[in-house]
Each structure stands twice: as C-alpha cells, then as structure tokens.
Trainee: 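Before I ask anything, let me first share the structure, which is written out below as structure tokens.
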Amino acid sequence: MSIFNFLVIIELFRSFVVYFETHRFRLNTMIDPAIIFVIRELIVKLYGEQNISSETIIAFGFLLLCLGSSEALPSNTAQ
C-alpha cells in the first residue's frame, strides 16, 4: 500500500468523522481526498508509462487547478 493510498483513506475517514459530528458534508473535506487522488494518479501515470501525452498532463493540471480553486473559494456557512 503506497503512502498516497493511505492519505486518501485518512482524508475520507476524516470527512466521515466530520459528517457524523455535524450531519453535513462540507465540500472542502471532500475536495481534499480528490486532490490527493488526482496527484496519486498523476504520479502513477508519470512513473508507470514510458510515453505520456502532453494532453494527459494538461488535463491533470486543469483538474488540479479546478479542484484547488474550488477549495480556495470562501464557503458560505451561515447558520
């Protein structure tokens, strides 16, 4: 089991703990495992395949940019 799999499992566990405490899913707690999973897949593709297309690298970069920017947006938690 790689360290990135372990990090994804920890982040998912943390999001479930937050859900059971507040009975709500927060978007930020779900985006963190997604970012780690995308980085993991990118590393697997980069080191696993000899030739990776530039379109694939651009797609991963765009996905990380979208996930990172959506996490950086302020959340509206008015109760």
Side-chain angles (χ1 to χ4, degrees):
M1 178 184 246
S2 72
I3 189 70
F4 287 111
N5 289 341
F6 186 67
L7 289 174
V8 169
I9 290 170
I10 286 176
E11 288 295 325
L12 285 174
F13 181 74
R14 186 173 66 100
S15 65
F16 285 129
V17 168
V18 168
Y19 171 73
F20 287 128
E21 288 176 353
T22 63
H23 298 290
R24 300 172 87 181
F25 272 120
R26 293 193 48 167
L27 185 61
N28 287 349
T29 59
M30 296 309 291
I31 290 176
D32 290 340
I35 290 173
I36 293 172
F37 184 75
V38 169
I39 291 172
R40 177 198 171 277
E41 288 298 316
L42 181 61
I43 289 173
V44 166
K45 285 211 176 283
L46 284 175
Y47 290 107
E49 298 179 12
Q50 294 298 329
N51 52 359
I52 187 168
S53 67
S54 60
E55 291 88 12
T56 303
I57 294 174
I58 291 171
F60 273 113
F62 183 71
L63 183 59
L64 283 173
L65 181 70
C66 290
L67 287 171
S69 63
S70 65
E71 184 178 4
L73 292 174
S75 61
N76 186 6
T77 58
Q79 294 182 2

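Only a predicted model underlies this, so the values are computations on that prediction, with no experimental measurement involved.
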Trainee: Taking all non-hydrogen atoms of both residues into account, name the closest pair between Thr56 and Ser53 and its distance.
Mentor: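 Minimum heavy-atom contact is OG1-OG, 2.8 Å.
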Trainee: How far apart are the closest heavy atoms of Cys66 and Ser69, and which atoms are they?
Mentor: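 Heavy atoms only, the tightest pair is O-OG, 3.0 Å.
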Trainee: Linking I/L/V/M/F/W/Y whenever any side-chain heavy atoms sit under 4.5 Å apart, do Val44 and Val38 land together?
Mentor: no
Trainee: Is there a path of hydrophobic side-chain contacts, each under 4.5 Å between heavy atoms of I, L, V, M, F, W or Y residues, that connects Ile39 with Ile10?
Mentor: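 Yes, same cluster.
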Trainee: When hydrophobic residues are tied together by side-chain contacts of less than 4.5 Å, even through go-betweens, does Ile35 share a cluster with Ile57?
Mentor: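 Same cluster.
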Trainee: Phe60 and Leu65: same hydrophobic cluster, using ILVMFWY side-chain contacts below 4.5 Å?
Mentor: no
Trainee: Output the distance between atom CZ (Phe37) and atom CG (Asp32), rounded to the nearest 0.5 Å.
Mentor: 15.0 Å
Trainee: Determine, using the 4.5 Å side-chain heavy-atom cutoff (strictly less than), whether Ile36 and Val17 are members of one ILVMFWY cluster.
Mentor: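 The answer is no; the residues belong to distinct hydrophobic clusters.
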